[in-house]
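Take a look at the structure below.
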2 protein chains.
Amino acid sequence: MLVVDDGQDEVFRALADPTRRALLDALVARDGQTLFELCTRMADTGVTSSRQAISQHLDVLAAAGLVHVRRQGRYRLHDLDTTPLLPLRRRWLRPDERTDR
Amino acid sequence: MLVVDDGQDEVFRALADPTRRALLDALVARDGQTLFELCTRMADTGVTSSRQAISQHLDVLAAAGLVHVRRQGRYRLHDLDTTPLLPLRRRWLRPDERTDR
DNA sequence: ACGATAGGCAAGCGATCACTTGCCTGTCAA
DNA sequence: TTGACAGGCAAGTGATCGCTTGCCTATCGT
């Protein structure tokens, strides 16, 4: 039962899984990667997940607004969007720690 | 089965729960709050959780290094520590977004 | 046209999570 | 010293999570 929602629940829960974090890492390098591309990249970095598993992870990331999905022919291209992370960067910092912009 | 761990798994999983995030919010205001103090503060902000539930949440936060617990008489005092969040603030930002320190 | 490629849908399963419940321990004030 | 206060421990439960499985759809090259 979710009594209070700070409006960022989907973002935080999306970040809670190491495979999803690895997917974000992979997407920092380049936008527009396909599902298969990300699958092989995950396999290269030691993440052994099936295509369906990775697809579901990307769905969660997309629902959180961290990844945008666009279709191009039979390809599903993924773009990273870090704007949902920005408010997260200042939260829980005390005034004296907010020395950046 | 956790194949890859980026070394921050406990931190991210600790942040995945809205009650735990609310506890961090409460601790930003002041260090050294007791369990009961945090319980009433949670109740005031609309989080309806039992003492045991909140205690368990604080344990998770402590395991992640986000909260430090010290004993004083029959009180259990909690201090916030945001240093585990610092590496998190730069991850997934593209080079052109890293304009702060 | 047809096989291969890229991806989608949904049911099911085991593991984990958040929480409750019941009882116990330690500390303080009177 | 004794009762109230602050917290601890651990088993149990229902819900959610991550993932698999099996099958289906759509798009491309030849």
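Letters go in sequence order (proteins before strands), and every chain restarts at 1. Source: prediction; values computed, not measured. Hydrogens, waters and symmetry mates are skipped; everything else that's a heavy atom, side chains included, is used.
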Counting side-chain heavy atoms from CB outward, which of [options] is closest to [X]?
X     : options               : answer
B:Q52 : C:dC9, C:dT21, D:dA6  : C:dT21
A:S49 : C:dG8, D:dC19, C:dC19 : D:dC19
A:H57 : D:dG22, D:dC19, D:dG8 : D:dC19
A:Q56 : D:dC19, C:dC19, C:dG8 : D:dC19
A:S50 : C:dG7, D:dT20, D:dG7  : D:dT20

Would you kindly confirm whether [X] and [Y] end up in one hydrophobic cluster when ILVMFWY residues are joined by side chain heavy atoms under 4.5 Å apart?
X     : Y     : value
A:Y75 : A:L27 : no
B:V60 : A:F12 : no
B:L77 : B:L61 : no
B:W92 : A:L66 : yes

Write down the distance between [atom1] ([X]) and [atom2] ([N]), rounded to a whole number of angstrom.
X     : N      : atom1 : atom2 : answer
A:D17 : D:dC19 : CG    : C1'   : 11 Å
B:F36 : C:dG26 : CZ    : P     : 18 Å
B:I54 : D:dG8  : CD1   : C1'   : 15 Å
B:Q33 : D:dA6  : CD    : P     : 15 Å
B:D59 : C:dA18 : CG    : P     : 12 Å
B:L35 : D:dC9  : CG    : P     : 12 Å
A:E37 : C:dT5  : CD    : P     : 17 Å
A:L15 : D:dG18 : CG    : P     : 12 Å

>> Using a strict heavy-atom distance below 4.0 Å, which residues from residues 66-79 of chain A are in contact with DNA chain D?
In response: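 Residues of residues 66-79 of chain A that come under 4.0 Å of DNA chain D are, in numerical order, A:G73, A:R74.
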> Taking all non-hydrogen atoms of both residues, which atom of B:D79 and which atom of B:G32 are closest, and how far apart?
Replying inline: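 Looking at all heavy atoms of both residues, the closest pair is OD1-N, 3.0 Å.
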> Are B:D59 and B:R76 ion-paired here, with the side-chain N under 4.0 Å from a carboxylate O?
Replying inline: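 Yes, charged N to carboxylate O under 4.0 Å.
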> Would you say the side chain of A:R41 lies within less than 4.5 Å of the side chain of A:V47, judging by non-hydrogen atoms?
Replying inline: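 Not touching, per the 4.5 Å side-chain cut-off.
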>> If you compare every side-chain N and O of B:R51 against the phosphate oxygens of C:dT20 (OP1, OP2), does one of them come in below 4.0 Å?
In response: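 Checking C:dT20 against B:R51, no side-chain N or O comes under 4.0 Å of OP1 or OP2.
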